[in-house]
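Keep in mind that this is a model prediction, so the values were computed, not measured. Note: hydrogens, waters and symmetry copies are ignored here, and every other heavy atom, side chains too, is used.
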Amino acid sequence: MTRSAARFRSRLLRDASPLAGLALATPAVATEGGAGGLLAEGVAVGGGLFLLLLLLTVLVLRAFRDRRQEVEQERAAAERRAREAEAASDRDRRAFEDQRHLLSMMAHEFRTPLAIIDASLQSLRLLDEEATPERANRYGRIARAVERMNGLLELVQTRDRFDVSVWTQDLAVCDLADVTADAVGIVGTRAEERVAVQAAEATPSLEADHRMLRYALLNLIDNAIKYSPRGSRVDVAIKPMRWENRAGLLWTILDQGRGIAAADRERIFEKYYRSDETSETAGLGLGLYIVRQIIQRHQGWVRAVVGEAGNGGCFECWLPLTQESEGAHP
């Protein structure tokens, strides 16, 4: 072996891995002269390249094996999460069905006593033709209480049929301020004491289904009261507004609660969705979903206005004055 070949071989044995040293630790070709030295160097270089390719192949195979294990672990975790989500969804559906049946049963049971109270009230009014102002006021309070209870029962039955597309739409000319007042009255004293309604002068009437529209506004008012501090004020404003060259009315409600996170701006209108901040408050996650269906069926739109945290929740509803063949969307 020539001196240069010996140096090359010793350098590879020193620097390469044990596997490379084992591969090169073979008898050298014993030849004489310059040709033999070149041949020895060529053999050494070729063996070194083969060893490098072998090591690279081992590394690639090892990386591929590790990545395959990671993918399998990720897939197993994803399947486990999917099973857990499906199980949770099944539990929620069963709970919703149980609650729906309970509410339907309660609504049915309340109908008869309310009808008796209403009939008795009508009889009292007929018999007491010259009622004193005090008795007339008492009769009025009873009538309003019966009307509120009937409205709540209608709300329960409506939530049992939350697919608005199958509702029968009965269009008529409505005053949006009057519909708002009806919704406040159904919510009850807690709304009458806190909700302030401000309507612009000469606000025009609109064409709508009074029952459906009242239900939508009732949900928004009820949410504003539930998700804001006790006793705080809730402001409702009504004013004319044009949208895409159509005359209409903008109905806005603003409370003093936590506000609406930007990430929830659209998700709160999804069926059964409830944000983390409202999870401690009772609810089904259907109210805002039905509100959007009702407003869109009236060819309008509803949206949550995202402001700074702590400045209160705000919703805007736009409704056209007349119904046409196509709806409007923000």
Side-chain angles (χ1 to χ4, degrees), residues 100 103-104 107 111 114 118 143-144 146-188 191 195 197 199-200 202-225 236-253 268-271 284-304 315-330:
R100 183 175 65 86
L103 291 176
S104 297
R111 286 289 184 188
L114 282 175
D118 187 49
R144 288 192 295 273
V146 171
E147 183 179 0
R148 282 196 296 270
M149 288 299 299
N150 282 324
L152 290 174
L153 293 179
E154 181 182 354
L155 184 151
V156 169
Q157 292 179 334
T158 298
R159 287 192 174 183
D160 190 31
R161 304 184 299 274
F162 55 81
D163 186 3
V164 178
S165 62
V166 302
W167 293 6
T168 301
Q169 193 173 31
D170 185 14
L171 296 177
V173 176
C174 299
D175 186 307
L176 192 55
D178 290 343
V179 179
T180 303
D182 288 346
V184 171
I186 292 175
V187 176
V195 178
V197 180
T203 300
S205 300
L206 53 82
E207 186 181 15
D209 184 308
H210 184 282
R211 177 180 61 92
M212 294 173 65
L213 190 56
R214 180 183 62 188
Y215 177 76
L217 302 186
L218 185 152
N219 266 277
L220 293 171
I221 293 171
D222 188 53
N223 282 349
I225 292 174
V236 174
I238 305 170
K239 65 179 181 180
M241 174 180 165
R242 296 188 67 85
W243 178 264
E244 295 184 350
N245 295 324
R246 295 184 68 182
L249 294 176
L250 182 67
W251 188 93
T252 306
I253 185 167
I268 56 177
F269 293 102
E270 296 176 3
K271 188 188 300 184
L284 300 177
L286 286 174
L288 292 177
Y289 169 77
I290 298 177
V291 168
R292 173 162 280 184
Q293 283 198 73
I294 292 174
I295 300 302
Q296 288 182 344
R297 188 164 180 189
H298 282 81
Q299 303 176 8
W301 50 258
V302 57
R303 62 190 177 192
F315 288 88
E316 292 181 341
C317 299
W318 182 86
L319 294 161
L321 299 184
T322 57
Q323 299 293 297
E324 297 179 357
S325 58
E326 296 182 359
H329 302 282

Between the CH2 atom in W301 and the CD atom in Q296, the distance rounded to the nearest 0.5 Å is 12.0 Å
Nearest heavy-atom approach of S205 to V173 is CB-CG1, 3.6 Å
Report task. For the residue pair N219 and L288, establish whether any side-chain heavy-atom pair is separated by less than 4.5 Å. Result -> no
Output for pair (F315 CZ, T252 OG1), nearest 0.5 Å, gives 12.0 Å
### Message
In the structure I gave you, are the side-chain heavy atoms of L213 and I295 within less than 4.5 Å of one another anywhere?
### Response
yes
### Beyond-backbone contact of W318 with E244, side-chain heavy atoms, under 4.5 angstrom
no
Across all chains, not counting sequence neighbours, the side chain to side chain contact (heavy atoms under 4.5 Å, CB included) partners of A237 are none
To the nearest 0.5 Å, atom CD1 of I221 lies from atom CZ of R214 at 11.5 Å
For Q323 and H298, the nearest pair of non-hydrogen atoms, with its separation, is NE2-O, 3.0 Å
N/O donor to acceptor pairs below 3.5 angstrom from side-chain atoms of residues 176-185, sequence neighbours left out:
{"from": "T180", "atom 1": "OG1", "to": "L176", "atom 2": "O", "distance (Å)": "2.8"}
{"from": "T180", "atom 1": "OG1", "to": "W251", "atom 2": "NE1", "distance (Å)": "3.0"}
{"from": "D182", "atom 1": "OD2", "to": "H210", "atom 2": "NE2", "distance (Å)": "3.1"}

Nearest heavy-atom contact between L249 and P240 is CD2-CA, 3.8 Å
Practice prompt. Answer whether the closest heavy-atom distance between the side chains of W243 and L250 falls below 4.5 Å.
Written response: no
Between R292 and V302 the two heavy atoms that sit nearest each other are NH2-O, 2.9 Å
Here the gap from I290 atom CD1 to Y215 atom OH, rounded to the nearest 0.5 Å, amounts to 3.5 Å
Output for pair (C174 SG, L319 CG), nearest 0.5 Å, gives 10.0 Å
Is there a donor-acceptor contact under 3.5 Å from the side chain of R246 to the main chain of T322? yes
Smallest heavy-atom separation, P320 atom then L206 atom, equals O-CB, 3.9 Å
Separation between CG (D209) and CZ (R297), nearest 0.5 Å, reads 8.0 Å
